[in-house]
Amino acid sequence: MTLVGSWTFSKQGQAECAEFVADQRVDVDRLFTHRWKLEQAEEAYRLFDTQTTGTAVILPS
């Protein structure tokens, strides 16, 4: 299996974001419109490619 990720924030930016989420008690679960199991990754990426979805997460099985 090959996993490809991306880096969008610096360490400092990630720390600030995490602090904001904790301080504001952001319900992170509500941010995701789709949840996929790792076995469903191919199906998930096909759907994401249509650019018709919201924010999603792929979770370990």
Side-chain angles (χ1 to χ4, degrees):
M1 174 180 6
T2 301
L3 179 64
V4 178
S6 65
W7 190 269
T8 57
F9 286 101
S10 65
K11 288 181 187 179
Q12 179 64 31
Q14 288 179 7
E16 290 171 3
C17 185
E19 186 175 334
F20 176 85
V21 167
D23 289 348
Q24 300 300 313
R25 295 189 169 108
V26 175
D27 184 1
V28 176
D29 286 335
R30 292 190 61 201
L31 298 176
F32 297 104
T33 59
H34 295 77
R35 287 167 184 77
W36 301 88
K37 294 180 181 178
L38 187 56
E39 304 85 51
Q40 298 171 302
E42 185 176 346
E43 177 185 350
Y45 277 101
R46 264 196 306 264
L47 180 61
F48 299 155
D49 198 37
T50 67
Q51 298 181 2
T52 60
T53 65
T55 304
V57 62
I58 296 177
L59 304 166
S61 301

Heavy atoms of other groups near F9 CZ, more than 12 under 6.0 Å:
no
State, to 0.1 Å, how close P60 and L38 come at their nearest heavy-atom pair, and which atoms those are.
CA-CB, 4.5 Å
Is there a donor-acceptor pair under 3.5 Å between the side chain of T33 and the backbone N or O of T55?
yes
Between R35 and R30 the two heavy atoms that sit nearest each other are NH2-N, 4.4 Å
For Q40, check side-chain contact (heavy atoms from CB on, under 4.5 Å) against everything at least two apart and list the hits.
W36, K37, E43
Is Y45 linked to V57 within one hydrophobic cluster, defined over Ile, Leu, Val, Met, Phe, Trp and Tyr using a side-chain heavy-atom separation of less than 4.5 Å?
no
Are I58 and L31 linked, directly or through other ILVMFWY residues, by side chains that come within less than 4.5 angstrom of each other?
no
